[in-house]
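Take a look at the structure below.
As the structure lists them, so they are numbered: ligands from 1, and atoms in each ligand from 1. Numbers here simply count residues along the sequence, with the first being 1.
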Amino acid sequence: MTKMKIAGTGSFLPELVVTNQMMTRIVDTSDEWITTRTGISERRLSSGEPTWFMAAEAARKALAEARLEPAQLDIIMVTTCTPDYYLPSAACIVQAELGAERAFCFDLNAACTGFVYALDMAARYLLDPQIHNILIVASENISKLVDYSDRSTCVLFGDGASAVVCSRGTDEDPSALLATKLGSEGRTGHVLVSRALKVRHPFLADGAVWPDRFGEHSDHTLTMEGQEVFKFAVRVLADSVLEAAAQAGVNLTELRYIIPHQANARIVEAAARRMKANPAQIISRIADFGNTSSASIPICLDELVRAGKLLRGEKVAICGFGAGLTYGAAIFIY
Ligand code: UT7
């Protein structure tokens with residue numbers, strides 16, 4: 001257990017709403033197929049706002065909520081698989097935007113599981129007496145990777161960002177991170193892929209070809225074996241929550257909420273059945289936002305906090321999965 005308090009949350013969602021009906025204009029699909037197979041009705045897409053911009057907007061809201069000045073931040077972590085630059089990191093850009101001069105900054109890419117990994121890391125950093133406040137921002141313009149001629153993937157994703165400030169907890173407040181269970185299964189990485197740049201320089205021999213690790217990809221567009229990801233997701237979401245709960249000595253019935261990565265309503269329902277959770281505990285906001293990758297869990301968390309539906313002292317489980325393949329769960333007292 002680490003005395004860690006989520007001191008503030010904040011999100012940024014682009015204004016552009018793309019409905020299922022609008023999707024039918026670009027691919028052979030229907031509102032009926034998308035809603036019944038995924039639970040998604042609409043998603044937000046960037047109107048050009050870069051990943052760093054959305055991150056900084058979400059971060060400002062989380063800092064205001066935490067009543068902290070940017071100069072009080074020791075670390076800024078940005079979880080993203082869709083940065084605007086290979087370098088500098090999105091976290092360094094956010095630092096400059098906020099004026100958080102004291103912080104050290106880095107990006108973390110665990111795809112859609114990024115936020116769960118970051119929360120685990122934040123708790124570990126907070127064991128260091130020199131670290132007091134950590135900003136985690138999950139910011140994703142996943143639309144940059146999507147092939148809008150592929151109906152099996154393009155209907156799923158949305159853009160957005162969300163941030164939390166994690167501060168060292170005091171003895172007076174109940175907040176704590178109780179347990180985490182993280183994992184990766186790199187051997188099944190081929191089921192969800194987006195390729196980066198290939199080696200190219202003036203000294204490359206003519207015809208030098210190194211095959212792509214995951215089959216030929218002409219560019220960065222995302223490819224996915226949906227059913228394989230689906231089966232993986234149901235298994236790891238349920239099992240990682242159960243393992244984290246056992247580690248924490250927490251019965252699932254004690255959890256106020258379970259917030260899963262928002263990828264498909266059917267995945268969430270099947271995982272809830274597998275872990276024998278009460279459906280009333282499960283948060284599903286996929287209908288309005290689609291899959292916003294690592295931002296999906298903190299967007300839900302922020303909504304609950306702002307709506308006054310999550311109170312100090314209540315226990316929450318979050319669980320994610322994504323490309324890598326990666327997965328993880330964390331249980332904390334808000
Ligand atoms: O953050 C992690 C990212 N990824 C995920 O979490 C995705 C996990 N997987 C899934 O959510 C589901 O597998 C999908 C939503 C991607 C697909 O649903 P499914 O029930 O597994 O459908 P399917 O792939 O078995 O396809 C069934 C049919 C196919 O047609 P045929 O071959 O049966 O004629 C597809 O071509 O549905 C067709 N199809 C569509 N039809 C209308 C696939 N996408 C669409 C579409 N509209 N958008």
Could you list, one pair per line, each nitrogen or oxygen of ligand 1 together with any protein nitrogen or oxygen closer than 3.5 Å, giving atom names and the distance rounded to 0.1 Å?
residue  : atom   : partner : partner atom : Å
ligand 1 : 1 (O)  : His261  : NE2          : 2.9
ligand 1 : 1 (O)  : Asn291  : ND2          : 2.8
ligand 1 : 9 (N)  : Gly226  : O            : 2.9
ligand 1 : 11 (O) : Asn264  : ND2          : 2.8
ligand 1 : 13 (O) : Gly226  : O            : 3.3
ligand 1 : 20 (O) : Arg37   : NH1          : 2.8
ligand 1 : 20 (O) : Arg266  : NH2          : 2.8
ligand 1 : 22 (O) : Arg37   : NH1          : 3.4
ligand 1 : 25 (O) : Gln227  : NE2          : 2.4
ligand 1 : 36 (O) : Arg151  : NH2          : 2.9
ligand 1 : 37 (O) : Trp33   : NE1          : 3.3
ligand 1 : 41 (N) : Trp33   : NE1          : 3.4
ligand 1 : 47 (N) : Thr29   : OG1          : 2.6
ligand 1 : 48 (N) : Thr29   : OG1          : 3.1
ligand 1 : 48 (N) : Arg151  : O            : 2.9

Q) Between the side chains of Thr9 and Asp302, is a donor N or O closer than 3.5 angstrom to an acceptor N or O? A) yes

Q | Hydrophobic cluster of Leu87, others only, ordered by chain and residue number, side-chain cut-off 4.5 Å | A | Tyr86, Leu197

(Q) Test of understanding: with side-chain hydrogen bond (donor to acceptor under 3.5 Å, both in side chains), list the residues that count as partners of Asn133, not counting sequence neighbours. (A) Ser167

Q | Between Asp147 and Thr221, a side-chain donor and acceptor under 3.5 Å | A | no

Q.
Grouping I, L, V, M, F, W and Y whenever their side-chain heavy atoms are under 4.5 Å apart, do Leu127 and Tyr125 come out in a common cluster?
A. no

Q) How would you list, by chain and number, every residue that makes a side-chain hydrogen bond (donor to acceptor under 3.5 Å, both in side chains) with Asp150, sequence neighbours excluded? A) Ser152, Thr153

